[in-house]
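Shown next, in structure tokens, is the structure this report addresses.
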Amino acid sequence: MSETWSVEEHLDDILSSVRPLEPIELQLLDAQGCVLVEDVSVPTSLPPFDNSSMDGYAVRTADVEGASEEFPAVLAVIGDVAAGSGDLPVVGPGQAARIMTGAAMPPGAEAVVPVEWTDGGLGAGPVESMLPGAGVDGEVRVHRPVTTAQHVRPRGSDVRAGALALSAGTVLGPPQVGLLAAIGRARVKVRPRPRVVVVSTGSELIQPGEQLGSGQIYDSNSFVLTSAARDAGAIAYRVGSVTDDADTLRATIEDQLIRADIIVTSGGVSVGAYDVVKEVLSQIDEGSGNVEFRRLAMQPGKPQGFGLIGPDRTPVVALPGNPVSSYVSFELFVRPAVRALMGRASVRRETARASLDVEEALTSPGGKRQFLRGSYLPPATGEALGSVRPVGGAGSHLIAALAQANVLIDVPEKTTRLTPGEEVTVVLLDQ
Ligand code: AMP
Ligand code: MG
């Protein structure tokens, strides 16, 4: 190992090698969270027809002019229009059609009188009156006048045919998926979710649910990394842990290349006797040695590997094995890569400034960018800054403290001392 890389240099190296995935057509629900790559226009206006916004009676406005409790307008009820009914009665002078919310306005009618403004027909109360059959073929007494189009949702009042519904580049969240469905689109062209394959390494690792033997620990990294990959928007495959055996690891990685858009490994990247990831990945392409291992000026997460392997030049990010290092490294390097594969415009986590909530000054190693785990409270009303309290110590094995954190406190390389109340940058992990 030669020179030391900064966090930004390592990230730039990764991002400059990662291209957005080729767009594909996906069913709406499969496209959730993806970036749209086409402009979608509205084929038919929404709503597609004038319809009622209330349960009530469709009437001609002239017939209810001046109506009051004392002097109700009495109209003949000529039929029932339910939502979805295509067979519409024609409302003539002196007539009304009982109508439900969302039902098409029958020809002749100009407005809807809500059932609450009537006697509900045949003297029934307003609630019972909307039961099927009630008030039909009888009379209704209207107690208040309506103006033209009152309680009517006109055709195209939501969005008109030909208008742009969503533009290329939009991220499809639930409301956007809803709009696409509402305009009748079943499939859309998007960049797919990247498939992230997670492989952890270590002969000491066993799966949760099994009985711990001597010297063994549970494999937590593969779970953290798989859920972090999902959280980033990927489809994640957890291969689980592979023993520290070069042939097994090589075979596993070669098998996984077929379904991976990016491979993430944990462990085996330092200089120990069994650091197989380094051994295998440095050799995987017939010695072309495309995966580079380097030391970063960062804490935690000093040793890192990155390169492109296999026939498709699949990106591989090799993360250190210590649980905190592994997760922090994922957040800093893999998550942006996943977002870049998805074609997202912003690939980084949001940050905020916060005041450091500590009793005594903290020290930080000079020349290293340190990422402390923190518990962040957003600004209280009227305050400009939130506050952040470090949780746990600097040890990169502290999984319990990590589970209390909702931010990383980003301490610049130059900073060696942080004083109580000082303003710091935090990387928000839960947004
Ligand atoms: P390594 O980078 O492989 O030397 O591992 C560094 C430390 O992280 C060791 O204490 C490992 O036991 C631990 N470690 C490695 N992989 C995992 C994992 N998947 N889950 C939990 N701890 C791990
Ligand atoms: Mg190991």
Side-chain angles (χ1 to χ4, degrees), residues 1 4-5 7 10 196-231 234 236-253 256 260 262-284 291-307 316-335 368 370-371 373 392-405:
M1 281 194 268
T4 301
W5 290 53
V7 167
H10 185 61
V196 176
V197 168
V198 176
V199 182
S200 56
T201 66
S203 298
E204 73 278 32
L205 304 174
I206 65 164
Q207 298 311 298
E210 289 174 10
Q211 194 64 41
L212 275 184
S214 92
Q216 294 184 320
I217 59 168
Y218 292 116
D219 168 15
S220 57
N221 289 354
S222 68
F223 287 88
V224 175
L225 300 175
T226 305
S227 49
R230 284 197 188 141
D231 191 62
Y237 302 114
R238 193 187 70 89
V239 174
S241 64
V242 177
T243 54
D244 291 320
D245 171 70
D247 292 335
T248 315
L249 180 62
R250 184 178 301 109
T252 305
I253 288 178
Q256 294 298 329
I262 182 168
I263 295 182
V264 180
T265 65
S266 97
V269 294
S270 28
V271 289
Y274 300 97
D275 284 328
V276 287
V277 172
K278 206 163 152 184
E279 181 187 335
V280 167
L281 288 181
S282 325
Q283 302 162 355
I284 204 157
V291 179
E292 266 191 54
F293 289 84
R294 51 186 71 135
R295 271 178 316 191
L296 263 58
M298 146 182 194
Q299 188 188 69
K302 184 171 82 173
Q304 302 278 344
F306 171 70
V316 184
V317 188
L319 306 178
N322 273 307
V324 176
S325 314
S326 160
Y327 172 65
V328 169
S329 306
F330 183 99
E331 281 294 333
L332 296 178
F333 307 120
V334 186
R335 187 181 162 100
K368 280 187 185 173
Q370 199 182 21
F371 292 91
R373 279 65 67 203
S396 44
H397 63 291
L398 302 171
I399 305 176
L402 180 60
Q404 304 297 318

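In each ligand, atom 1 is the first atom listed, and ligand 1 is the first ligand listed. Because the structure is predicted, anything quoted here is derived from the model rather than measured.
Under a 3.5 Å cut-off, the side chain of Asn322 and the backbone N or O of Ser325 do not form any donor-acceptor pair. A distance-only check finds no donor-acceptor pair linking the side chain of Ser396 to the backbone of Pro323 [under 3.5 Å]. No donor-acceptor pair under 3.5 Å is formed between the side chain of Asp244 and the backbone N or O of Val276.
A heavy-atom separation below 4.0 Å is found between Thr201 and ligand 1. Using a non-hydrogen distance threshold of 4.0 Å, Tyr218 registers as a contact of ligand 1. Contact analysis leaves Ser241 out of contact with ligand 1, as no non-hydrogen atom separation drops below 4.0 angstrom.
Below 4.0 Å from some heavy atom of Ser200 lie the following atoms of ligand 1, by number and element: 19 (N).
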Practice task
Report the C-alpha distance between Leu281 and Phe293 in whole Å, list the side-chain angles of each, state the deciding distance to 0.1 Å, and finish with yes or no for side-chain contact (heavy atoms from CB on, under 4.5 Å).
Solution key: CA-CA 9 Å; Leu281 288 181; Phe293 289 84; 4.0 Å; yes
Exercise for the section: Under the side-chain contact (heavy atoms from CB on, under 4.5 Å) rule, what do Val198 and Phe330 come out as? Steps first, then yes or no, please. Expected result: CA-CA 11 Å; Val198 176; Phe330 183 99; 6.0 Å; no
Exercise for the section: Kindly determine whether Tyr274 and Asp245 satisfy side-chain contact (heavy atoms from CB on, under 4.5 Å), including the steps that lead there. Expected result: CA-CA 8 Å; Tyr274 300 97; Asp245 171 70; over 6 Å; no
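If you check which protein heavy atom lies closest to atom 16 (N) of ligand 1, you get Asn221 ND2, 3.5 Å. Considering only non-hydrogen protein atoms, atom 22 (N) of ligand 1 sits nearest to Ile217 CD1, 3.4 Å. Regarding atom 20 (N) of ligand 1, its nearest protein heavy-atom neighbour is Ser220 N, 3.0 Å. What sits closest to atom 23 (C) of ligand 1 on the protein, heavy atoms only, is Gly321 O, 3.5 Å. Taking atom 19 (N) of ligand 1 as the reference point, the nearest protein heavy-atom neighbour is Asp219 OD1, 2.8 Å.
Nearest heavy-atom pair, Leu398 versus Gly392, reported as atom, atom and distance to 0.1 Å: CD1-C, 4.5 Å.
Residue-level proximity to ligand 1 for Glu204 is carried by the side chain, the only part with a heavy atom below 4.0 angstrom. With a 4.0 Å cut-off on non-hydrogen atoms, Leu205 touches ligand 1 through its side chain and not its backbone. Within the 4.0 Å heavy-atom criterion, neither part of Ser326 lies near ligand 1.
An N or O contact shorter than 3.5 Å links Gly268 to ligand 1 by distance. At least one N or O atom of Asn322, backbone or side chain, sits closer than 3.5 Å to an N or O atom of ligand 1.
In the model, Ser200 has no side-chain atom that pairs as donor or acceptor with a side-chain atom of Asn221 under 3.5 Å.
Between Asp231 and Arg335, the closest side-chain pair of non-hydrogen atoms falls below 4.5 Å.
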